[in-house]
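The structure appears below as structure tokens.
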Amino acid sequence: MRLPISLFTLTAAGTTAFVPLPASRSTALSAAVNGESAKGSTAEVTTKNDSSSTKKFHYEYIARKARPHFDILSRTVTDKDVPLIYLDSGATSQKPGAVLEKLDDYYKRVNSNVHRGAHTLSREATSAYEEARDKVSSFINAHSRNEIVFTSGATEAINLVAQSYGRTNLKAGDEVVLTVAEHHANLVPWQMLSQEIDGGLTIKYVRIDPETGCLDLKHMESLLTEKTKIVGFQHVSNVLGCINPVKDMVSMVRDKSPNAKIILDACQSVPHMPVDVQELDVDFLAASGHKMCGPTGIGFLWGREDLLNSMPPWKGGGEMIDQVTLEGSTYLPSPSRFEAGTPAIAQAVGLAAAIDYLTSFGMKEIEAYEHELAEYLYDQMKQVPGLTILGPPNGKQRVALCAFTHESIHPSDLSTFLDMEGVAVRAGHHCCQPLHQELGFSHSARASLYLYNTKE
Ligand code: PMP
């Protein structure tokens with residue numbers, strides 16, 4: 001991970017001019033990353049260049065094992081052919097060979113439409129697609145495969161809830177509690193729904209506690225009433241990097257707002273840690289496949305089966321019907337009722353391969369490694385003069401994601417300068433404009449890591 005070193009160089013120069021330095025790679029690590037000395041899978045790596053003298057990276061074997069599976073990570077960028085350091089996994093993750101091969105194999109050998117044909121290819125495509133549903137179901141410990149609705153991503157999953165559950169069950173004056181930290185995907189659908197309802201909804205936003213840098217849960221408690229019908233929040237913030245205490249938040253909602261349904265945006269948690277819907281006890285959960293080593297164009301909504309079956313379809317067409325006459329139609333139960341038209345079959349198959357890939361490391365192990373990375377990233381960035389890191393400090397639960405601003409360099413310039421060194425970080429509002437406004441910034445730069453990033 002060259003980012004901190006580059007930034008340090010940048011600020012140590014005492015000017016806004018960017019001074020690229022060769023990355024000071026640890027030879028042992030570098031060799032290990034390149035597979036030269038990766039003996040055994042549980043090697044412990046000791047490094048000596050952080051502030052707290054010596055730090056052990058128990059789980060770095062994960063990155064060493066993973067990196068060779070991602071061809072893209074060995075490419076070079078810019079006209080100087082510098083090695084790529086990909087620190088933008090919060091936006092989308094890279095895809096391992098196992099996923100790419102599965103997609104290739106699907107299109108070369110199986111490609112057909114699902115649920116519609118008795119021929120071999122159609123049967124095979126249907127099994128592969130439905131097996132993908134089983135994979136997702138057990139990955140998040142759903143009660144039943146019928147609780148998994150494939151969508152194009154988390155955005156579509158949340159829109160489904162707003163347009164189906166929301167339109168049917170919310171009326172003027174009902175309250176929706178969201179947080180200022182929400183991604184636009186969990187803000188705009190509710191604002192759109194409010195506009196559609198004559199008289200509108202009352203949308204309230206949980207603020208950030210300036211002391212902790214996390215959601216202000218006392219404020220949340222004060223917003224919840226018996227009129228609250230929807231509570232929506234992220235599991236992990238894509239800007240603040242904090243892990244929200246979902247279970248505490250859920251019990252607060254159940255206590256104060258028994259009529260509310262809870263929707264969890266799990267985009268930034270499902271790829272990085274074990275997520276168990278039964279344990280979290282929310283009502284809906286949304287996630288995107290492309291952030292968890294899967295292809296773009298696939299994600300899923302989880303909801304309890306009885307709840308999903310109580311909701312009307314939000315898109316009509318083939319695949320979702322029971323009977324159609326010229327007078328009207330009846331619909332299949334979940335998940336089919338929400339999957340009108342030809343689904344993203346290959347993408348679902350690719351997502352299943354991604355889940356196999358992640359589980360081959362173990363989600364607990366990935367979480368443990370990323371926890372080490374998170375601490376290291378924060379500690380290193382904290383040492384850079386002039387940087388403000390958004391979100392809570394180490395000690396609070398953080399993921400390996402840091403959004404930051406610099407006192408004299410615009411985030412877009414930072415991102416461009418870093419790109420010249422091969423370091424891919426994101427600059428912008430990260431689809432969280434209200435959060436940035438709340439924090440007093442228009443934009444930030446963001447480094448977001450995944451299992452294939454090393455400390456280096
Ligand atoms: N929520 C969060 C927290 C996200 O990070 C993202 C993606 N940036 C989304 C929702 C939307 O995901 P998608 O664009 O894949 O639908």
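These figures come from a predicted structure and were not determined experimentally. Whatever order the structure lists them in is the order used to number ligands and atoms, beginning at 1.
- In summary, D174 and K227 do not engage in a salt bridge, as defined by a charged side-chain N under 4.0 Å from a carboxylate O.
- Remark: D283 engages R254 in a salt bridge, criterion side-chain N to carboxylate O under 4.0 Å.
- Looking at I203, V177, N159 one by one, the single match for side chain to side chain contact (heavy atoms under 4.5 Å, CB included) with W190 turns out to be I203.
- Applying the side chain to side chain contact (heavy atoms under 4.5 Å, CB included) test between V399 and each of L240, V236, L373 identifies V236 as the sole match.
- Under the 6.0 Å distance and 45° angle rule, K65 counts as a cation-pi partner of F361.
- The protein residues lying under 4.0 angstrom from ligand 1, judged by non-hydrogen atoms, are G153, A154, T155, H183, A185, Q234, N238, D265, C267, Q268, S288, H290, K291.
- Looking at D306 and R304, a side-chain N of the basic residue comes within less than 4.0 Å of a carboxylate O on the acidic one, giving a salt bridge.
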